[in-house]
K.L.:
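Before I ask anything, let me first share the structure, which is written out below as structure tokens.
First listed ligand is number 1; within each ligand, the first listed atom is number 1. Every value quoted in this text rests on a predicted model; they were computed, and no experiment measured them.
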Amino acid sequence: MTDLLTKNFAEHWVLDPVAGLAGVADVSVVAGQIVSVTWRDGEGAARACWAAGANPGPSDPTVALLPALIDLHAHFRQPGANASEDVESGTRAAARGGYGTVALMPNTEPAADNAETLRAAIAGERHGVQLLPIAAATVGRAGTQVSDVAALVKAGAVAISDDGSPIADRAIFRAALLAAAAAGIPLIEHCEEPVLTVGGEAADGLVASRLGLRPWPATGELRAVESAIAVLRDVVASAPTVRLHLTHLSTAAALAAVRSAQGEGLPLTCDVTPHHIALTDAWIAGDRRWAWEVATADEFLTPTANAFDSNLRVCPPLRAAFDAAACREALRDGTALAIGTDHAPHSREKKEVEFGLATNGIAGIETCLSVALAAHRAEELSLATIVAALTTGPARLLGVAATGVTPGALASLVQINLAATWRPSRATLLGRSINTPLLERELPGVVQMTVLKGNSAYQK
Ligand SMILES: [Zn+2]
């Protein structure tokens, strides 16, 4: 962190998801505060531009200014595995990725199932990055006894979750949902039916069968989603404040089930990850095309890299292009309110092993925005959809105020060159673990500066 910023961001492509404005503007920041935003074509045009998707024209400036991003799902490893990622390295990585607020999952060791651990491990602020704690839904994340949710909310918890483990016992799941409702926060569920997914290494399909990997079937997610929705439907009448959020959904079938439940009016939301919108299971076989570049099933494999990169092992697994397309569709139509990174740093000891022995997880907080921008370049996602999914959407779930590009407010902004590219590498990434399958791949969108609460938190 350096001193309060004074800078005139002239002729930038500015996106304000809070006010619903986009277009070319000058933004003046004095002593950390936004003092003026002047839209070149007026506010009416900026409103119309946001409504039309906020996509710049070919002659518009390529340097953009957007509010600092919010991640609703990340893992730092403090305490338990600080060598993989601690608060110091995680917040530096977050600021480099454009984030100003990160909600941390409770699966530290020990789990954040009590106020003391929660405050020590996953709350607070570092490098200007605000950490919002998500507390364990059950004691020890063991799924047998609901945590003291009221005490955890008092300590700052914005949600409860046993992420990494589904709450398999339906009675416990129901009790956790009611406890969260009583405390006014959502329950975030990792949807997986363990009976169907045990030992699963990759999505069920052609890639898994060709490579001899044990399948983690799409029904393993769908069954869990359907069961969670059934419980939600059952409790909503007696607990009107209940809120259920299903995180990192990966299949077309599960997203369709969520869409249908939302159509019933159930208080249900979900998110998708950058890797599930952009990568497919074919990457495990050495294919390196973006999900939207795969046109038909019969050309599903074009290996250009080595197979079995264990950085691709993740839960839920990477899936078919069809499922990735459904994840993008869910963002476009609002079924999914956010892109959550599921940033899951792991040491080399846990990842540089045989594919089936590797720990699940992809470190993604520094590449998420670029992956989304790759989808934007392919005209798969509008900038308005991307920015909302990285700011106002997660803010809505977490119950925090999203910052806009608002005169009078402290500046929390990301300056990004949309036209430039970069390559994630050991040299360019700030996170302590670099378990990403995107290493050395050219990605669009270079974060030049992240300003948090008026201070420079990252500068390229
Ligand atoms: Zn999970």
Side-chain angles (χ1 to χ4, degrees), residues 71-77 80-81 84-85 90 102-109 111-113 122 132-138 140-143 157-168 173 176 180 186-194 196-203 216-218 220-225 227-228 244-251 254-255 258 268-277 279 311-319 323 327 330 336-346 350-351 358-365 368 394 397-398 433 435-436:
D71 191 4
L72 55 69
H73 184 153
H75 303 268
F76 295 169
R77 304 297 186 190
S84 295
E85 193 87 288
V102 178
L104 289 179
M105 281 295 175
N107 33 348
T108 48
E109 293 167 27
D113 63 3
I122 59 176
L132 299 177
I134 298 170
T138 68
R141 295 176 49 251
V158 295
I160 55 170
S161 179
D162 276 0
D163 182 49
S165 316
I167 306 174
F173 178 77
L187 170 68
I188 301 178
E189 179 67 348
H190 163 129
C191 286
E192 175 176 355
E193 185 61 58
L196 297 171
T197 63
V198 63
E201 295 169 311
W216 194 126
E221 182 171 89
L222 178 62
R223 290 271 187 86
V225 167
S227 156
L244 176 62
H245 180 85
L246 308 180
T247 194
H248 57 48
L249 292 185
S250 65
T251 59
L255 289 161
V258 169
L268 178 68
T269 52
C270 71
D271 67 80
V272 292
T273 72
H275 41 276
H276 288 110
I277 67 175
L279 312 186
N311 287 322
L312 294 160
R313 183 142 199 239
V314 64
C315 179
L318 299 175
R319 298 194 180 275
D323 291 303
C327 291
L337 59 66
I339 302 172
T341 65
D342 196 4
H343 177 66
H346 288 299
K350 287 187 170 171
K351 289 305 268 189
T359 305
N360 282 309
I362 293 174
I365 207 161
C368 179
L397 176 77
L398 301 167
S433 298
N435 50 297
T436 164

K.L.:
Kindly check if the number of other-residue, nucleotide or ligand heavy atoms within 6.0 Å of CZ (R141) is above 12?
P.N.:
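Yes, because the 6.0 Å sphere around CZ of R141 holds more than 12 heavy atoms from other groups.
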K.L.:
Give every protein N, O or S atom lying under 2.8 Å from the Zn ion (ligand 1), naming each by residue and atom.
P.N.:
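As for protein N, O or S atoms lying under 2.8 Å from the Zn ion (ligand 1), they are D163 OD1, H190 ND1, H248 NE2.
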K.L.:
Do T247 and D271 pair up side chain to side chain, a donor and an acceptor below 3.5 Å, judged on atom types alone?
P.N.:
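Distance-only check passes for T247 and D271.
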K.L.:
Check the orientation of H73 and H248. Use parallel for under 30°, tilted for 30 to 60°, and perpendicular for over 60°.
P.N.:
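The rings of H73 and H248 sit tilted, inter-plane angle from 30° to 60°.
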K.L.:
Return yes if some donor-acceptor pair links the side-chain N/O of N435 with the main-chain N/O of G361 below 3.5 Å, else return no.
P.N.:
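Present.
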K.L.:
In terms of side-chain heavy atoms, does S433 have a donor or acceptor partner in H346 at a distance below 3.5 Å?
P.N.:
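Looking only at side-chain atoms, H346 and S433 do not form any donor-acceptor pair under 3.5 Å.
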K.L.:
Within the distance-only criterion (no hydrogens, no angle test), does the side chain of E189 pair as donor or acceptor with the backbone N or O of A228 below 3.5 angstrom?
P.N.:
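Answer holds: no.
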